[in-house]
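Structure record follows, encoded as structure tokens.
Labels below follow one simple rule: chain letters A, B, ... track the order of the sequence lines, proteins then strands, and each chain is numbered from 1.
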Amino acid sequence: MGKAKLYFIVGPTASGKTAVSIELAQRMGAEIISADSIQIYRGMDIGSAKPGEDERRGIPHHMINVASPAEKDYSVTRYRESALKAVADILSRDKTPLVVGGTGLYVNALIYPLDFPAAPPDAELRAHWNEAEAKEKGSAHRRLSQLDPESARRLHPNDVKRVIRAIEICEGTGETLSARGADFTRRDDESLPCAPVLAGLTMPRELLYARIERRVDEMLAFGLEDEVRRLLASGVDPGSLAMQGLGYKQMASHILGRRGFEEAAEEIKRETRRFAKRQLTWFRREERIRWFDIAALGGAEAAADAIYSYFTEVRDGR
RNA sequence: GCCUCGGUAGCUCAGCUGGUAGAGCAAGGGACUGAAAAUCCCUGUGUCGGUGGUUCGACUCCACUCUGAGGCA
């Protein structure tokens with residue numbers, strides 16, 4: 001008997017992960033761990049398509065509503081720590097953990113040894129270099145060329161966030177990012193208590209986009225605007241991390257009078273399509289994912305059945 | 001029925017006096033190590049409505065034809 005398995009359902013937004021995961025959790029007697037960078041925030045329900053109490057049908061959900069939108073410093077590291085704790089907790093109760101989500105980096109944090117450099121985010125340093133970049137494009141990248149030429153070569157000068165982070169690591173640890181080796185996706189994480197088993201949900205692009213369109217309309221009808229107003233009224237900064245989420249950013253912009261409602265709605269749809277495309281790109285390179293076409297299978301229940309038999313097969317080593 | 005103006009990329013359109021096409025938007029592909037629903041990089045995807053003709057050569061000129069909009073009757 002090898003390591004315990006850690007089961008995953010991944011896929012782009014609006015691909016039906018929530019419905020399938022709940023069906024599947026019922027069959028497996030599993031508890032769900034969300035891998036979604038927006039569902040972690042309390043009060044961000046409609047825009048993040050967070051499953052409501054009734055929709056969860058009694059299945060325990062972890063890593064949902066674990067942070068305040070006013071928080072400035074939520075990060076993958078925190079996600080990783082808490083999620084791994086949840087995994088351990090679930091296993092200790094002889095239940096099965098099922099990770100469900102579309103945030104690729106969060107998923108990778110659970111299946112790879114992402115031994116993040118011990119350089120915590122430095123708000124001051126980030127502000128400094130963001131300013132420098134605003135004044136003169138490329139200045140952060142020039143600085144990085146001195147500190148860590150190899151990373152500078154790998155990163156595009158316009159990719160300011162990564163360039164600044166690389167500087168942060170050098171200045172915070174005296175160590176370069178490139179010295180750590182960048183091939184973590186090649187290694188399995190021996191330190192993880194579980195072996196990952198991944199199922200991906202997909203469907204023809206056209207169909208996915210139609211679902212996104214419908215879903216955004218639903219969010220708007222269910223009161224996304226009011227939700228965003230509430231967040232802003234409660235003191236959440238429009239520039240905060242949480243408010244960069246899809247739908248939230250555009251709605252806040254509309255509320256602040258920077259664009260019309262229709263314009264905001266169209267923008268949310270377009271940006272969500274692009275996001276879904278990026279998610280697909282991210283997950284495509286993970287060759288361990290077994291893909292399930294939910295449309296071809298004929299819906300969430302059938303997909304849950306198919307994934308259940310796949311998981312069972314893997315578990316029994318067939 | 002006659003006249004006029006259109007028919008070029010998924011959409012809106014550009015293409016000067018002939019040298020097999022280009023912008024915006026949409027879209028596609030990719031990257032991703034403490035911001036990741038973030039951030040960034042790359043890419044034109046086309047029987048130029050159809051058929052003939054003139055020409056070394058036609059999206060461009062001519063004829064016919066199909067089709068859309070408007071005008072006159």
(message) Using the side-chain contact (heavy atoms from CB on, under 4.5 Å) definition, which of the options A/D89, A/V87, A/D94 pairs with A/L91?
(response)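 Output: one option passes, namely A/V87.
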(message) Against A/Y248, only a single residue in A/I38, A/V236, A/L232, A/I268 fulfils side-chain contact (heavy atoms from CB on, under 4.5 Å); can you say which?
(response)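 Testing A/Y248 for a side-chain contact (heavy atoms from CB on, under 4.5 Å) against A/I38, A/V236, A/L232, A/I268 leaves exactly one candidate, A/I38.
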(request) Check whether A/I32 and A/F8 end up in the same hydrophobic cluster, where Ile, Leu, Val, Met, Phe, Trp and Tyr are linked by side-chain heavy atoms less than 4.5 Å apart. (result)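 Yes, A/I32 and A/F8 fall within the same hydrophobic cluster.
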(request) Answer with yes or no whether the hydrophobic clustering places A/L246 together with A/I46; edges join I, L, V, M, F, W, Y residues whose side-chain heavy atoms lie under 4.5 Å apart. (result)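 No, because A/L246 and A/I46 fall into different hydrophobic clusters, even though each may have its own neighbours under 4.5 Å.
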Would you measure the distance from the [atom1] atom in [N] across to the matching atom in [M] and give it in whole Å?
{"N": "B/A21", "M": "B/U45", "atom1": "P", "answer": "11 Å"}
{"N": "B/U65", "M": "B/G28", "atom1": "C1'", "answer": "37 Å"}
{"N": "B/U60", "M": "B/U20", "atom1": "C1'", "answer": "11 Å"}
{"N": "B/A26", "M": "B/C11", "atom1": "C1'", "answer": "7 Å"}
{"N": "B/G49", "M": "B/G6", "atom1": "P", "answer": "13 Å"}
{"N": "B/U55", "M": "B/C62", "atom1": "C1'", "answer": "12 Å"}
{"N": "B/U43", "M": "B/G34", "atom1": "C1'", "answer": "33 Å"}
{"N": "B/C66", "M": "B/G52", "atom1": "C1'", "answer": "14 Å"}

With a 4.0 Å cutoff (strictly under), does any side-chain N or O of [X] reach OP1 or OP2 of [N]?
{"X": "A/T281", "N": "B/G30", "answer": "yes"}
{"X": "A/Y74", "N": "B/A35", "answer": "no"}
{"X": "A/N158", "N": "B/C41", "answer": "yes"}
{"X": "A/R80", "N": "B/G34", "answer": "no"}

(request) Would you please classify the geometry between the A/Y41 ring and the A/Y74 ring as parallel, tilted or perpendicular, with 30° and 60° separating the classes? (result)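 Ring orientation of A/Y74 relative to A/Y41: perpendicular.
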(request) Measure up the A/Y106 and A/Y79 rings against each other and bin them: parallel (under 30°), tilted (30 to 60°), perpendicular (over 60°). (result)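 Plane angle under 30°, so parallel.
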To the nearest Å, give me how far apart [atom1] ([X]) and [atom2] ([N]) are.
{"X": "A/E271", "N": "B/C25", "atom1": "CD", "atom2": "P", "result": "13 Å"}
{"X": "A/D237", "N": "B/A35", "atom1": "CG", "atom2": "P", "result": "18 Å"}
{"X": "A/Q279", "N": "B/G30", "atom1": "CD", "atom2": "P", "result": "14 Å"}
{"X": "A/R278", "N": "B/G28", "atom1": "CZ", "atom2": "C1'", "result": "14 Å"}
{"X": "A/I38", "N": "B/A36", "atom1": "CD1", "atom2": "C1'", "result": "9 Å"}
{"X": "A/Q244", "N": "B/U39", "atom1": "CD", "atom2": "C1'", "result": "11 Å"}
{"X": "A/F116", "N": "B/A35", "atom1": "CZ", "atom2": "C1'", "result": "12 Å"}
{"X": "A/E133", "N": "B/U39", "atom1": "CD", "atom2": "C1'", "result": "12 Å"}

(message) Once rounded to the nearest 0.5 Å, what's the spacing between atom OG1 of A/T202 and atom CG of A/L207?
(response)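 That separation rounds to 10.0 Å.
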(message) If you assign A/G247 and A/R78 each to the RNA chain B nucleotide with the nearest heavy atom, which residue ends up on the more 5' nucleotide?
(response)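 In this pair, the answer is A/R78.
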(request) Please tell me which of A/L280 and A/R274 maps to the more 5' nucleotide of RNA chain B, matching each residue to the nucleotide holding its nearest heavy atom. (result)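 Looking at RNA chain B, the more 5' nearest nucleotide goes with A/R274.
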In Watson-Crick or G-U wobble terms, both distances under 3.5 Å, what is the partner of [N]?
{"N": "B/C59", "answer": "none"}
{"N": "B/A35", "answer": "none"}
{"N": "B/C5", "answer": "B/G68"}
{"N": "B/C40", "answer": "B/G30"}
{"N": "B/U17", "answer": "none"}
{"N": "B/C48", "answer": "none"}
{"N": "B/A23", "answer": "B/U12"}
{"N": "B/A73", "answer": "none"}

Hey, does [X] reach any base, or is it just sugar-phosphate, or nothing, if we go heavy atoms under 4.0 Å?
{"X": "A/Y79", "value": "nothing"}
{"X": "A/K277", "value": "base"}
{"X": "A/L105", "value": "base"}
{"X": "A/Y209", "value": "sugar-phosphate"}
{"X": "A/D73", "value": "nothing"}
{"X": "A/T13", "value": "nothing"}

Candidate nucleotides [options], ranked by approach to the side chain of [X] - the nearest:
{"X": "A/D159", "options": "B/A35, B/C40, B/G34", "result": "B/C40"}
{"X": "A/P121", "options": "B/G28, B/A26, B/A35", "result": "B/A35"}
{"X": "A/R273", "options": "B/G34, B/A27, B/A36", "result": "B/A27"}
{"X": "A/R126", "options": "B/A27, B/A36, B/G34", "result": "B/G34"}
{"X": "A/R284", "options": "B/G34, B/G29, B/U39", "result": "B/G29"}

(message) A side-chain contact here means heavy atoms from C-beta on lying under 4.5 Å apart; do A/M63 and A/S82 qualify?
(response)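 In contact.
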(message) When you measure from the side chain of A/K5 to the backbone of A/F311, do you find a donor-acceptor pair of N or O atoms at a distance under 3.5 Å?
(response)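 Between the backbone of A/F311 and the side chain of A/K5 there is no qualifying donor-acceptor contact (under 3.5 Å).
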(message) Is there, by distance only and without an angle test, a donor paired with an acceptor across the side chain of A/R162 and the base of B/A36 below 3.5 Å?
(response)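 Present.
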